[in-house]
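Single-structure report; data block below.
Residue numbers begin at 1 in each chain, while the letters A, B, ... track the order of the sequences.
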Amino acid sequence: MSIPAEPSTPVASDFIREQVQRDQQLGTYGGRVQTRFPPEPNGYLHIGHAKSICLNFGVAAEFGGICRLRMDDTNPETEDEDFVTGIEQDVRWLGFEPGETLYASDYFETIYRWAERLITEGLAYVDDQDAETISAQRGGFTEPGTDSPYRTRTVEENLDLFRRMRAGEYPDGTRVLRAKIDMTDPNPQLRDPVIYRIRHAHHHRTGDRWCVYPNYDWAHGQSDAIEGTTHSVCTLEFDSHRPLYDWFLERLGELGELPRPLAERPRQYEFARLQLTHTVLSKRKLLHLVTNGLVDGWDDPRMPTLRGLRRLGYPAAALRAFCAHIGVAKVNSIHEIELLESFVRDELNRISERRMVVLNPIKVVIENYPEGQVEWLEAVNNPEDPAAGTRQVPFSRELWLEAEDFMEVPAPKFYRLSPGKEVRLRYAYFIKCESVVKDASGAVAELRCTYDPATFGGQAPDGRKVKTTLHWVSAAHAVQGEARHYNRLFTEAHPDAQEGRDPLEFLNPEARVIVTGARFEPSLAEAQPFQHIQFERLGYYCADPELAGVFHRTVGLRDDWAKIRKRQG
RNA sequence: UGGCGGGUAGUUCAAUUGGCAGAACGCCUGACUUUGGAUCAGGAAGUUGCAGGUUCGAUUCCUGCCCCGCCAGCCA
């Protein structure tokens, strides 16, 4: 079972979808469409995988087919059950229903039997050489490979040796099974690739039943065929493996081993993986960040993992919309992270309730407002969604205002508060700054203001206008909290592409900035884990699922004033 | 170096049997506003990698060259 990515957003076509359409019209698979998402459970999913998930599940849904989640768990030394569970969660969070998870390891027996068949047919042999020797014999891009001295072993000897490999008679690395193809093929992938290696390792699902494990090339296409996959979609770097993928399935098909007619065998198609600026998207490098404590874990909001992005506050719908927008092609491309953010803003603008929070507070006393008086004002939860309703916000004589919203000597085009100037407080009144109280060091400590009772609700009966509306929090009612702000994980747009430099050199020490002492309006005390909230005039934030009173800034609002200020220098 | 895959506004993608090169983000300008930040409108932006060829007409077809990516794990 799978559900459409975004029924409302039209999905642009691409070369994969065109192929699927063509196959449906031609009746290649009797109209059947089946894809799969095949992660290796050796880490958590990142946004690059989201592109693949949206593609595979999306294509299946659009063409009335199915998409299966399959663990490519053929390398026991790096894989773990926790990652399986995490991957399942992440796929569901992204909005797709994978159904029962499939495992390549469930096919080990079948694949092993097929390997014996290859041997019987003279299409595979056991090689006793070590990895280094085999590698040296493989040749180079311009030099053909040379045959292994073991290439001409008899079928009987090969079969006996392979069965003993399985029986555990040999230590790791002493023998491998190789496909017998062509050591002179211009494509090194075809130069008798290793398809089984000996690993006396505990597998997270098959336990200690096996000590020989198939390699990717001798497991992936086979798993696809067993499951009935029609379109096996993978990334560009597997392009040179496609002849191998085809070779194996054609041989098995000719031998009558495949569950379906050879004409209906799966076909591999390659697309460009997703790359983003200012981050890294390789499991190896992400694992490094986690294991070396450079981030707090796989779900650290600085991480481009799905769990990290979720905690940061990225809605799954925004990820899906982004993936639909960037399309699928064979060009290697690095997307600007700003593009992703614009999709996040789009979605968050629709769904987030608004609240008032003062991050860097400065005290304001409304001199003519009665001491002890409190007015509960009605505030709109989401102007984009009337159904979100309203809430009550307390107003009183002493307030917190954003320090950045006041300038004693206003810069040009600064329309906020300054001595003698009048502004509107959102949902409340106009206030005017009468005087400034300074501390011993001369810093502004407090603003003395007056309010105009006639401007209740924010309108002046005499028709006078104010240029700006400020957010505020009643000091007596404020809840203290923490905001965590995030900047680019890497200062360099392309940390991976700096000649001779380690990407870690560009790790941004200010990727996370913790802002303490923020004052929240009281309703935020009831924020739910993962709740998306727009702090008015500041940005979109997300309530941490574990840490009470901690909000992650998902993304800031577009800030024209910041641009003006930048231009002013 | 051999093989394979690519090259279209700053960026990422489109362009339906060869028919006026479009969109989004970004950028600039403006409008509006009880979020200066929401929202809306407009604008700039291209020798379609280069050079030839076929054609009335080429991003599209052909040839050569240039540039980028991937491939020489018992990882996936």
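Considering only the side chain of Val331(A), G7(B) comes nearest among G7(B), U35(B), C75(B). Among the nucleotides G36(B), G5(B), A72(B), the one closest to the side chain of Thr469(A) is G36(B). Listed nucleotides A24(B), A38(B), C74(B) differ in distance to Glu384(A); the shortest reach to its side chain belongs to A38(B). Of the candidate nucleotides C13(B), U35(B), C74(B), C13(B) has the atom lying nearest to any side-chain atom of Ala329(A). Each of G36(B), C75(B), U35(B) was ranked by its minimum atom distance to the side chain of Phe414(A); first place goes to G36(B). Set against G2(B), C25(B), C74(B), the side chain of Leu339(A) has C25(B) as its closest nucleotide. Of the candidate nucleotides C13(B), A76(B), C74(B), C74(B) has the atom nearest to the side chain of Arg199(A). With distances taken from any side-chain atom of Pro188(A) to the nucleotides A76(B), G6(B), G2(B), the minimum falls on G2(B). Closest to the side chain of Arg537(A), out of A76(B), C13(B), G36(B), is G36(B).
A donor-acceptor pair shorter than 3.5 Å cannot be found between the side chains of Asn332(A) and Arg273(A). Between the side chains of Ser105(A) and Asp73(A), at least one donor N or O sits under 3.5 Å from an acceptor N or O. Thr455(A) and Arg424(A) are not linked by any side-chain donor-acceptor pair at a separation below 3.5 angstrom, with hydrogens and angles left out of the test.
Taking atom P on both C71(B) and G64(B), the two are 27 Å apart, rounded to the nearest angstrom. Between the P atoms of G18(B) and A58(B), the separation comes to 14 Å (whole Å). Taking the C1' atom of each, U29(B) and U17(B) are spaced 43 Å apart, rounded to whole Å. With C1' as the reference atom, G30(B) and C13(B) are 29 Å apart, rounded to whole Å. When the C1' atom is used for both U48(B) and G43(B), the distance is 23 Å, rounded to whole Å. Here, A41(B) and C25(B) have their P atoms 11 Å apart, quoted to the whole Å. Using C1' as the reference atom, U59(B) and U47(B) are 13 Å apart when rounded to the nearest Å. To the nearest whole angstrom, the two P atoms, one in C20(B) and one in C27(B), are 32 Å apart.
In this structure, Asn382(A) atom CG and U39(B) atom P are separated by 12 Å, rounded to whole Å. Tyr170(A) places its OH atom 17 Å from the C1' atom of C74(B), with the value rounded to the nearest Å. Between the CD atom of Gln137(A) and the P atom of G73(B) there is a distance of 13 Å, given to the nearest Å. In this structure, Leu340(A) places its CG atom 14 Å from C1' of U11(B), rounding to the nearest Å. Rounded to an integer number of Å, the gap from CD of Glu270(A) to P of G3(B) is 19 Å. Rounding to whole angstrom units, CH2 of residue Trp218(A) and C1' of C75(B) are separated by 19 Å. Look at CZ on Arg242(A): it is 13 Å from C1' on G3(B), rounded to the nearest Å. One can place CD1 of Ile326(A) at 11 Å from P of A14(B), the figure rounded to the nearest angstrom.
Of the two residues near RNA chain B, Thr78(A) and Ser333(A), the one whose nearest nucleotide lies more 5' is Ser333(A). Mapping Arg345(A) and Tyr216(A) onto RNA chain B via the closest heavy atom, the residue that lands nearer the 5' end is Arg345(A).
Seen from the ring of Tyr213(A), Arg199(A) does not count as a face-on cation partner, given the 6.0 Å and 45° thresholds. Relative to the six-membered ring of Trp472(A), Arg426(A) misses at least one condition, a distance below 6.0 Å or an angle of at most 45° to the axis.
Regarding contacts with the backbone of A38(B), a side-chain N or O of Arg558(A) is found under 4.0 angstrom from either OP1 or OP2. Taking 4.0 angstrom as the limit, Arg197(A) places a side-chain polar atom (N or O) nearer than this to OP1 or OP2 of C75(B). Side-chain nitrogen and oxygen atoms of Thr468(A) include none within less than 4.0 Å of the OP1 or OP2 phosphate oxygen of G36(B). The shortest distance between the side-chain N/O atoms of Arg284(A) and the OP1/OP2 oxygens of A76(B) is not below 4.0 Å. In this structure, Arg416(A) does not reach the G37(B) phosphate: none of its side-chain N or O atoms is under 4.0 Å from OP1 or OP2. Contact annotation: Asn349(A) side-chain N/O to U39(B) OP1/OP2 distance is under 4.0 Å. For A76(B), one of the phosphate oxygens OP1 or OP2 lies less than 4.0 angstrom from a side-chain nitrogen or oxygen of Thr74(A). Contact annotation: Arg178(A) does not reach the phosphate of G73(B) (side-chain N/O to OP1 or OP2, under 4.0 Å).
Phe141(A) qualifies as a stacking partner of the C71(B) base, centre to centre under 5.5 Å and near-parallel within 30°.
One cannot find a donor-acceptor pair under 3.5 Å joining the base of U1(B) and the side-chain atoms of Glu143(A). His241(A) contributes a side-chain N or O that forms a donor-acceptor pair with the base of A76(B) under 3.5 Å.
Here His204(A) and Phe83(A) keep their ring centres 6.0 angstrom or further from each other. Taking the six-membered ring wherever Trp is involved, the centroid distance between the rings of Tyr541(A) and His485(A) falls below 6.0 Å. Here the two rings, on Tyr245(A) and His241(A), have centers that are 6.0 Å apart or farther.
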Enumerate all atom pairs, one protein N or O and one N or O from nucleotides 66-70 of chain B, separated by less than 3.5 Å.
| unit_1 | atom_1 | unit_2 | atom_2 | d |
| --- | --- | --- | --- | --- |
| G69(B) | O2' | Asn332(A) | ND2 | 2.9 |

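Checked for salt-bridge contact, Glu341(A) and Arg488(A) meet the test: a charged N lies under 4.0 Å from a carboxylate O.
Among the protein residues, Phe343(A) comes within range of no part of the nucleic acid, since none of its heavy atoms lies under 4.0 Å from any strand.
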Residues 131-147 of chain A side chain polar contacts: donor-acceptor under 3.5 Å, at least two apart:
| unit_1 | atom_1 | unit_2 | atom_2 | d |
| --- | --- | --- | --- | --- |
| Thr133(A) | OG1 | Asp130(A) | OD1 | 2.5 |
| Gln137(A) | OE1 | Gln129(A) | NE2 | 3.0 |
| Gln137(A) | NE2 | Gln129(A) | OE1 | 2.8 |

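Contact between Glu40(A) and Ile87(A) at its shortest, heavy atoms only, is O-CD1, 4.2 Å.
The glycosidic torsion of G69(B) lies more than 90° away from 0, which places this base in the anti conformation.
Between Tyr112(A) and Tyr196(A), the ring-plane angle classifies as perpendicular under the 30° and 60° cut-offs.
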*asked:* Wobble G-U and Watson-Crick pairs count when both distances are under 3.5 Å; given that, what is the 5' to 3' dot-bracket string of RNA chain B, with | for pairing to other strands?
replied: .((((((..((((.....[..)))).(((((.......))))).....(((((..]....))))))))))).....
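Considering Tyr427(A), Tyr429(A), Trp376(A), Phe456(A) as possible partners of Phe395(A), the one that fulfils the ring pair (Phe, Tyr, Trp, His ring centres under 6.0 Å) test is Tyr429(A).
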